[in-house]
Protein chains: 2
Amino acid sequence: MLSVTCKAAIKAVIYLGSMFKSGEKFGIREIADQIDENEHTVGKLLQKLAKAGLICSAKGPNGGFYIIENQMKLPILAIVEAIDGTDVFNQCGLGLHKCSAAHPCPIHNDFKSVREGFRMLCSEKTIEDLCLPVNSGIAYLIS
Amino acid sequence: MLSVTCKAAIKAVIYLGSMFKSGEKFGIREIADQIDENEHTVGKLLQKLAKAGLICSAKGPNGGFYIIENQMKLPILAIVEAIDGTDVFNQCGLGLHKCSAAHPCPIHNDFKSVREGFRMLCSEKTIEDLCLPVNSGIAYLIS
DNA sequence: GTAATAAAAGTATTTAAATACTTTTATTTA
DNA sequence: TAAATAAAAGTATTTAAATACTTTTATTAC
Ligand code: FES
Ligand code: FES
């Protein structure tokens, strides 16, 4: 569904969100540890997210990545778009070059429903929403 | 969602199904052409499907791949399982090693619904079902 | 039985994602 | 201002999927 990098990105941002109240900044190493993902992958992806304005970064001593109130309100759709792009929400389930109702593949209607369900999930859930269960200990970012 | 190979497999089997009545057998080259997929990929995948009993094959002159009545009744789930396995129906949406309600990720419930929707699609639609719209010209296997 | 045909099988190459490494730049603190 | 810190950026390697090539085996037709 999503790339390894994109799933790591969502977990990284939720981690930052769950630490939002502390006001702290977090280094690449620490974030990678907390979400059990590859350090280098996480480094690259955090830079992309910062450049896209989805998280904030600060260089130098006491620097690191952090998230601000406005960013907490963003849907995870924003993260998916920044990392994987919008293909996942538009691609044909059987690999036709273009998904369209005018020239559909045999599973078009049913697949479109599934795909729209996933898009809905991504556009309705905000970082803030997903931090709640993590903060209250009923959902986890690591296995 | 599914690998390129798996999507090609579904299209290949639907193509064979749509030609079922003719009683003909079809070569790798012809099938690959008809579904606009790589010839080598199609060759490999047809062998796997034949070995799994999802389609039939015959060597020699006038040989090729074909499908029989019983096989037309199979859900496309059988194809997905033969090519990609069952991971797609069990994996965590955020990449945790194991998806479980006891140790869920923050999107577990919603993602599980989406995933179940896709499984439902795959287990309810049979080859036969998906051949109908192709035969009546309202769905297509190529762009 | 020989030749032709087409799948089966095994191996090799290509490509893109993921992961790893290195250098540079900005910021803070002393 | 100098040293330390940590992100930013660029490059390289690894890995797995996809694609390409080659050889073998089974079947048919003559
Ligand atoms: S055309 Fe295949 S999903 Fe829309
Ligand atoms: S634990 Fe993530 S989808 Fe179930």
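Order of the sequence lines sets the chain letters (A, B, ...), proteins ahead of strands, with each chain counted from 1. Quantities reported herein were computed from a predicted structural model and do not represent experimental measurements.
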Work out which heavy atom in [X] is nearest to a heavy atom in [Y]; give both atom names and the distance.
{"X": "A/Met1", "Y": "A/Val88", "answer": "O-CG2, 3.6 Å"}
{"X": "B/Phe111", "Y": "B/Cys92", "answer": "CE2-C, 4.1 Å"}
{"X": "B/Phe89", "Y": "B/Arg115", "answer": "O-NE, 3.3 Å"}

Legend entry - Donor-acceptor pair, side chain of B/Ser57 and main chain of B/Ala50, under 3.5 angstrom: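 No, because the side chain of B/Ser57 does not come within donor-acceptor range (under 3.5 Å) of the backbone of B/Ala50.
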Inset, instruction - Consider only side-chain N and O atoms of A/Thr126 and A/Asp129, and report whether a donor and an acceptor are under 3.5 Å apart. - result: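 Looking only at side-chain atoms, A/Asp129 and A/Thr126 do form a donor-acceptor pair, the distance falling under 3.5 Å.
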Inset, instruction - Give, for atom CD1 of B/Ile68 and atom CD1 of B/Ile55, the distance between the pair rounded to the nearest 0.5 Å. - result: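 Those atoms lie 11.0 Å apart.
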Inset, instruction - Nearest 0.5 Å please: distance from the CG atom of A/Leu132 over to the CD1 atom of A/Ile14. - result: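 Rounded to the nearest 0.5 Å, the CG-CD1 separation comes to 11.0 Å.
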Inset, instruction - Give a yes or no on whether A/Leu94 and B/Val134 share a hydrophobic cluster (residues Ile, Leu, Val, Met, Phe, Trp, Tyr; joining criterion: side-chain heavy atoms under 4.5 Å apart). - result: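 Yes; B/Val134 is reachable from A/Leu94 via cluster members.
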Inset, instruction - On DNA chain D, reading 5' to 3', which nucleotide is the first and which the last to sit with an atom under 4.0 Å from a heavy atom of chain A, could you check? - result: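 Contacts span D/dA4 to D/dT11, reading 5' to 3'.
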Inset, instruction - Could you identify which residues of residues 34-42 of chain B place a heavy atom less than 4.0 Å from some atom of DNA chain C, listed by residue number, or say none? - result: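 None - not one residue of the stretch has a heavy atom sitting under 4.0 Å from the strand.
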Legend entry - Of residues 11-27 of chain A, the positions that come close to DNA chain C - non-hydrogen atoms, cut-off under 4.0 Å: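 Residues of residues 11-27 of chain A under 4.0 Å from DNA chain C: none.
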Legend entry - Validation row, ring centre A/Phe118 to ring centre B/Phe118 under 6.0 Å: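 A/Phe118 vs B/Phe118: aromatic centres not under 6.0 Å.
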Inset, instruction - Just name whichever nucleotide pairs with C/dA9, Watson-Crick or G-U, keeping both distances under 3.5 Å, else none. - result: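 When the pairing criteria are applied, D/dT22 turns out to be the nucleotide that pairs with C/dA9.
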Inset, instruction - Look at the aromatic rings of A/Phe26 and A/Tyr15 and report parallel, tilted or perpendicular, splitting at 30° and 60°. - result: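 Taking A/Tyr15 first and then A/Phe26, their aromatic rings stand perpendicular (interplane angle over 60°).
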Inset, instruction - On DNA chain C, check which nucleotide each of A/Asn62 and A/Thr5 is closest to and give me the residue with the more 5' one. - result: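 First, find each residue's nearest nucleotide; the 5'-ward one identifies A/Thr5.
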Legend entry - Sugar-phosphate only, base, or nothing, as touched by B/Leu46 at under 4.0 Å among non-hydrogen atoms: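 B/Leu46: no heavy atom of the nucleic acid under 4.0 Å.
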